[in-house]
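Here's the structure we're looking at; comments come further down.
Bear in mind the structure is a predicted one, so any value in this text is a computation, not a measurement.
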Number of protein chains: 2
Amino acid sequence: MTSDKKLKDILHQYGLKGTTARIIVLDVLVQSQVALSHADILSRIHGEDLDKVTLYRTLSSFVSVGLAHKVANEDRNWLYALLLQNNRRVGIDDHAHFICDQCERIYCLPMDAEDTISVPVMDNGFVIRSHEYRLHGTCPECN
Amino acid sequence: MTSDKKLKDILHQYGLKGTTARIIVLDVLVQSQVALSHADILSRIHGEDLDKVTLYRTLSSFVSVGLAHKVANEDRNWLYALLLQNNRRVGIDDHAHFICDQCERIYCLPMDAEDTISVPVMDNGFVIRSHEYRLHGTCPECN
DNA sequence: GTTTAATTGCAACTTTGTTGCATTATTTGT
DNA sequence: ACAAATAATGCAACAAAGTTGCAATTAAAC
């Protein structure tokens, strides 16, 4: 449990108002090691009730200011994860997504700049500006 | 336009009945250089009308026998593309997906087995079995 | 504290895709 | 070429995830 003041500070750093809804949602995301769906987040909020639309909008605001990013899971629902790794910003291209085919959890894995693929198509008129690497298999929990 | 007989043969090779719906849909997919949505395919069928459910089921049958594969676009709709490159089978891991951020077309780009990323997580209990590389940028049509 | 602008909650709605079931078409064997 | 068995089709109704509009509320700045 991170203190509300600390969470509010993070929101302010990203130019967002420190509303109770956002503090609740940020707290859930900070706690999680995996990307979470709208439903996941709702189920992790016990006492406080939060309108579903507010949650959708809260998550959108996190993404639009770069505090979080979203990944589609295999069912094509959006999952959300912070772009923070022990309080430091993480670039969206600096990690891969690991999808566990057994438990369906999605992990954001750090990846160095050197870990890139060489794609033999640059000379065909395709200009690559960013990427998403989606790795499938089984996660530590399932092995 | 590929001959109906040829298309029917392909369907039979994959253990599918050569129905008119499947021949129509396969013809559209053979023609296309990019992955197509349900709506894309419907709009490319002029005279013949095809029930929307039949189209969904036709596409599912193509995927389940390995004749086609599906990719989610940025709006998380399914796009379909054949796993054939000039009449030869293509493995699902043997290519990357190029998403044009301007026209939103998705291309399947061939990729050699050597073109892999080295992900520094194998020793953490993550076992990788397959992958999807999604490359973003602008395509030849948009440059 | 007041003001102002952003955020919230509610209801209604949209879009994409799915399910059940009766009808029709394709294949196989003769 | 024809009949029987089986799979595919079309229609209607439905499901799930997410969005939009709008009035009420709340956070931040002064």
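Remark: side-chain polar atoms of A:D101 are not paired, donor with acceptor, to backbone N or O of A:H136 under 3.5 angstrom. Side chain of B:D40 to backbone of B:S37: a donor-acceptor contact under 3.5 angstrom is found. Using a distance-only test at 3.5 Å, with no hydrogens or angles considered, no donor-acceptor pair links the side chain of A:R134 to the main chain of A:I99.
Taking atom CD1 of B:I45 as the reference point, atom P of D:dT9 lies 12 Å away to the nearest angstrom. Taking atom CG on A:L55 and atom P on D:dA17, their separation rounds to 13 Å, with Å as the unit. The CD atom of B:Q13 sits 14 Å away from the P atom of C:dT27 (whole-angstrom rounding). What separates CG of A:N77 from P of C:dT16 is a distance of 15 Å, to the nearest Å. Atom CD1 of B:I24 is separated from atom C1' of D:dG10 by 14 Å (rounded to the nearest Å). Rounded to whole Å, atom P of D:dA16 lies 20 Å from atom CD of A:E74. We find that CG of B:L11 is positioned 18 Å from P of C:dA25, with the value rounded to whole Å. Here the P atom of nucleotide C:dT19 and the CG atom of B:D51 are 15 Å apart, to the nearest Å.
Note: B:H95 and B:H69 have perpendicular aromatic rings, judged against thresholds of 30 and 60 degrees for the angle between ring planes. In this pair, A:F98 and B:F126 present their aromatic rings perpendicular. The plane angle is above 60°, beyond the 30 to 60° band.
Two rings, from A:Y133 and B:H131, have their centers 6.0 Å or more apart.
Note on A:A39: nothing from the nucleic acid sits closer than 4.0 angstrom, heavy atoms only.
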>> Within the 4.0 Å limit for protein heavy atoms, which parts of nucleotides 19-30 of chain D are touched? Write it as a string from 5' to 3', B for base, S for sugar-phosphate only, - for none.
In response: BBB-----BS--
